Amino acid sequence: MIVKETACKECGVIVNIPKKINFSQYRCPRCNALLYRRGQPFSYIITMAVTALLLFVPLTFLPILDLDIMGLQSSSTLFEALWMVYKDGFYFIAFVAMMTGLLIPVIMLILLLFILVPLKHGYRPEKVSLYYRLYEKMSDWGMAEVYLISIIVSMVKLHGMGTLHIGLGFYMFIFFFITFYITTVWFNPDDIWLDDAVDN
Amino acid sequence: MQWITDIEAGKQLCLHCRKLHPLSVHRCDRCGSEVHQRIPHSIAITWSLAIAAIIFLIPANLLPMMVVKSIAGEDAGTIMDGVIYFLEHGEAGIGIVIFAASIFVPFFKLTVLLYLLLNIHLNRSHRAKFGLKLYRIIHFIGKWSMLDIFVVALMVGLVQFKNLATIVTGPAAIAFMLAVVMTMFATEHFDPRLLFDTELKKRKHKNESNEGNTHV
Ligand SMILES: [Zn+2]
Ligand SMILES: [Zn+2]
């Protein structure tokens, strides 16, 4: 049996993972950290990533909420809400919220496509390690799910102020998050390196 | 069971792509990241960011998070005011969510970070596994403290009725966000393997004193 030697990223112990793994995940024997998770074929991941990106497009113009106070109407998309914060002069908040809530997941999906589409067609993009490094660095900072829950909290908060309608953008955002999440779970970074690659 | 760690084996792991390298390597040949056996200056950076975050949490909790301007006048509310408002208006669920995300999570994260740092300084190797569990928890819940910021942003964006009512971001929001971002960077810079290295340090120490005894 061919064995791959690695170390646990959380406790530092040296572990040997059998290379032809026939189980779906491998955990550290000492601290139980997840060291290997079998990925799905690249074609599945590409399809899911493209779906997520397509779902994101309408988010730029579909309102998430409509608010009606005494005949006055106000509706807002996810971007417009942050734009108002920017206009109030809170640039840092608007920037961080825009990046973590909306743009980082999108950039991650695009980077993933940059890596996987060429690999799927049999050649290695020159900058694959750069793309992967960016993808990996961003993965801790994507907060689409937090933004999603914050919409629900805002709905409850605004409930007393007037009549509230949930916009199509909100449902789109839910589907965007679900497809984004599935994409990242299906992707196993080990599959993109030549020395570990499995046939896709 | 006796575990062999990367330090004993003279190896170092690339944290980005998880390739194991010999100590002579400085840059990972697979993903191009810098390779270190442990995150450089992990303890010093974690300490400083944690302390900075604690300082920013003070204005974050005392200043208003958002200001509601309406015909009735201006109403500025801190984070805690928001929680109390919901508890009083029969929305206990939302009140608890905001309390958990904006007050409990930041304090819990910072307490855990300080506890982990102390465990390393005091060489408490028997606490390593427990510490790692706590570390995983704060790593997982960290981003949820951003919840209230997003809520404020949405409210500001939605409630713009020129004369009737507008909502403006309060000064606490920026302090709060700085505290959250710094805590996240602190968690990122903390190397949980240091918790387990304390055992190695102890073992070495014991061996040395044993050797000393036999020579006497
Ligand atoms: Zn481990
Ligand atoms: Zn690497």
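Below, read A as the first sequence line, B as the second, and so on, with proteins coming before strands; counting in each chain starts at 1. Every heavy atom of this structure was used, including side-chain atoms; hydrogens, water molecules and symmetry mates were not. Because the structure is predicted, anything quoted here is derived from the model rather than measured.
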Engineer: For chain A, which of B:Val156, B:Leu158, B:Ile7 has the most heavy-atom pairs under 4.5 Å?
Structural biologist: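 The residue among B:Val156, B:Leu158, B:Ile7 with the greatest pair count is B:Leu158.
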
Engineer: For the SG atom of A:Cys11 and the CG atom of B:Asp197, what is their distance to the nearest 0.5 Å?
Structural biologist: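 Reported value, rounded in 0.5 Å steps: 9.5 Å.
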
Engineer: What residue, out of B:Glu8, B:Arg18, B:Met146, has the most heavy-atom pairs lying under 4.5 Å from chain A?
Structural biologist: B:Arg18

Engineer: I need the residue from B:Lys11, B:Glu91, B:Arg136, B:Met155 with the largest number of non-hydrogen atom pairs under 4.5 Å to chain A.
Structural biologist: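 Of the options given, most contacts go to B:Arg136.
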
Engineer: Non-hydrogen atoms of chain A under 4.5 Å away: do they reach the side chain of B:His21, the backbone, both or neither?
Structural biologist: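 Neither part.
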
Engineer: Count the heavy-atom pairs under 4.5 Å between each of A:Thr6, A:Ile14, A:Val85, A:Ile151 and chain B, then report the option with the highest count.
Structural biologist: A:Ile14

Engineer: Locate the shortest heavy-atom distance separating B:Ile98 from A:Lys157; write the atom from each residue and the value.
Structural biologist: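 What the structure gives for the nearest pair is CD1-CE, 4.2 Å.
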
Engineer: Measure distances from A:Glu136 to the heavy atoms of chain B and classify the residue's part below 4.5 Å as side chain, backbone, both or neither.
Structural biologist: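 Interface part for A:Glu136: side chain.
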
Engineer: Find the one option among B:Gln12, B:Lys129, B:Lys133, B:His89 whose heavy-atom pairs under 4.5 Å with chain A are most numerous.
Structural biologist: B:Lys129

Engineer: Between A:Arg133 and chain B, which part of the residue has a heavy atom less than 4.5 Å away: side chain, backbone, both or neither?
Structural biologist: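 Contact with chain B: side chain only.
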
Engineer: Go through the atoms of B:Phe176 and report whether side chain, backbone, both or neither lie under 4.5 Å from a heavy atom of chain A.
Structural biologist: neither

Engineer: Can you tell which part of A:Tyr147 gets under 4.5 Å to a heavy atom of chain B, answering side chain, backbone, both or neither?
Structural biologist: both

Engineer: To the nearest 0.5 Å, tell me how far B:Tyr135 OH sits from A:Cys31 SG.
Structural biologist: 11.5 Å

Engineer: Does any heavy atom of chain A fall under 4.5 Å from the side chain of B:Ala9, the backbone, both, or neither of them?
Structural biologist: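 Looking at B:Ala9, just its side chain touches chain A.
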
Engineer: Which distance, rounded to the nearest 0.5 Å, do you find between the CD of B:Glu188 and the CH2 of A:Trp141?
Structural biologist: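 One gets 5.5 Å once the value is rounded to the nearest 0.5 Å.
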
Engineer: Below 4.5 Å from any heavy atom of chain B, which atoms of A:Ala94 appear? Answer side chain, backbone, both or neither.
Structural biologist: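 Neither part.
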
Engineer: With chain B as the partner, which of A:Ser76, A:Gly12, A:Ala33, A:Ser75 has the greatest number of non-hydrogen pairs under 4.5 Å?
Structural biologist: A:Gly12

Engineer: Is chain B contacted by the side chain of A:Asp140, its backbone, both, or neither, given a heavy-atom distance below 4.5 Å?
Structural biologist: both

Engineer: Counting only heavy atoms closer than 4.5 Å, note whether B:Leu195 contacts chain A via side chain, backbone, both or neither.
Structural biologist: neither

Engineer: Can you tell me how far the OH atom of A:Tyr86 sits from the OG1 atom of B:Thr169, to the nearest 0.5 Å?
Structural biologist: 13.5 Å

Engineer: Using the side-chain contact (heavy atoms from CB on, under 4.5 Å) rule, take B:Thr166 and A:Met84 through it: C-alpha gap first, then chi angles, then the decisive distance, then the call.
Structural biologist: CA-CA 11 Å; B:Thr166 48; A:Met84 292 311 292; over 6 Å; no

Engineer: Looking only at non-hydrogen atoms, find the nearest pair between A:Ser129 and B:Gly32 and report the distance.
Structural biologist: CB-N, 4.4 Å

Engineer: B:Gly93, B:Ala128, B:Gly157: which one forms the most heavy-atom pairs within less than 4.5 Å of chain A?
Structural biologist: B:Gly157

Engineer: Which heavy atom of A:Glu145 sits nearest a heavy atom of B:Trp144, and at what distance?
Structural biologist: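 Looking at all heavy atoms of both residues, the shortest contact is CG-CZ2, 3.5 Å.
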
Engineer: Below 4.5 Å, heavy-atom pairs only: which of A:Glu5, A:Lys87, A:Lys137 has the largest tally toward chain B?
Structural biologist: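 Going by pairs under 4.5 Å, I would pick A:Glu5.
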
Engineer: Quick check: are there more than 12 heavy atoms from other residues, nucleotides or ligands sitting under 6.0 Å from CZ of A:Phe177?
Structural biologist: yes

Engineer: Chain B heavy atoms under 4.5 Å from A:Phe90: which part of the residue, side chain, backbone, both or neither?
Structural biologist: side chain

Engineer: Would you find a donor on one side and an acceptor on the other, under 3.5 Å apart, between the side chain of A:Tyr132 and the backbone of B:His16?
Structural biologist: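 Yes, the answer is positive, given that a donor and an acceptor are paired below the 3.5 Å cut-off.
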
Engineer: Take A:Ile149 and B:Phe150 through the side-chain contact (heavy atoms from CB on, under 4.5 Å) test and state the conclusion after the steps.
Structural biologist: CA-CA 9 Å; A:Ile149 298 298; B:Phe150 286 139; over 6 Å; no

Engineer: Under a 4.5 Å cutoff for heavy-atom pairs, which residue among B:Thr187, B:Val181, B:Val159, B:Leu147 has the most contacts with chain A?
Structural biologist: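 That would be B:Leu147.
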
Engineer: Pick whichever of A:Gly101, A:Ala81, A:Ser150 has the most heavy-atom pairs under 4.5 Å with chain B.
Structural biologist: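 Looking at each option in turn, the highest pair count goes to A:Ser150.
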
Engineer: Run A:Trp193 and B:Lys19 through side-chain contact (heavy atoms from CB on, under 4.5 Å) and show every step you take.
Structural biologist: CA-CA 10 Å; A:Trp193 310 115; B:Lys19 183 175 175 172; over 6 Å; no

Engineer: To the nearest 0.5 angstrom, please state how far the CG atom of B:Asp6 sits from the NZ atom of A:Lys9.
Structural biologist: 13.5 Å

Engineer: Using non-hydrogen atoms and a 4.5 Å limit, figure out which bit of B:Gln37 sits close to chain A: side chain, backbone, both or neither.
Structural biologist: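 Looking at B:Gln37, nothing touches chain A.
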
Engineer: Where does A:Pro29 contact chain B at under 4.5 Å (heavy atoms): side chain, backbone, both or neither?
Structural biologist: both

Engineer: Can you say whether B:Ile94 sits under 4.5 Å from chain A via the side chain, the backbone, both, or neither, judging by heavy atoms?
Structural biologist: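 For B:Ile94, the side chain is the part near chain A, not the backbone.
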
Engineer: Measure A:Ile64 against the heavy atoms of chain B and call it side chain, backbone, both or neither at under 4.5 Å.
Structural biologist: side chain

Engineer: Tell me, out of A:Asn32, A:Leu65, A:Leu82, who's got the most heavy-atom pairs with chain B below 4.5 Å.
Structural biologist: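 Option with the top pair count is A:Leu65.
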
Engineer: Report the distance from atom CG of B:Asp191 to atom CD of A:Glu10, rounding to the nearest 0.5 Å.
Structural biologist: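 Between B:Asp191 CG and A:Glu10 CD, I get 10.0 Å after rounding to 0.5 Å.
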
Engineer: Closest approach of A:Asp190 and B:Cys17, non-hydrogen atoms and distance?
Structural biologist: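 Nearest pair, atom of A:Asp190 first, then B:Cys17: OD1-O, 4.4 Å.
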
Engineer: Is there side-chain contact between A:Met143 and B:Ile149, with heavy atoms separated by less than 4.5 Å?
Structural biologist: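 With C-beta onward as the side chain, the pair stays apart.
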
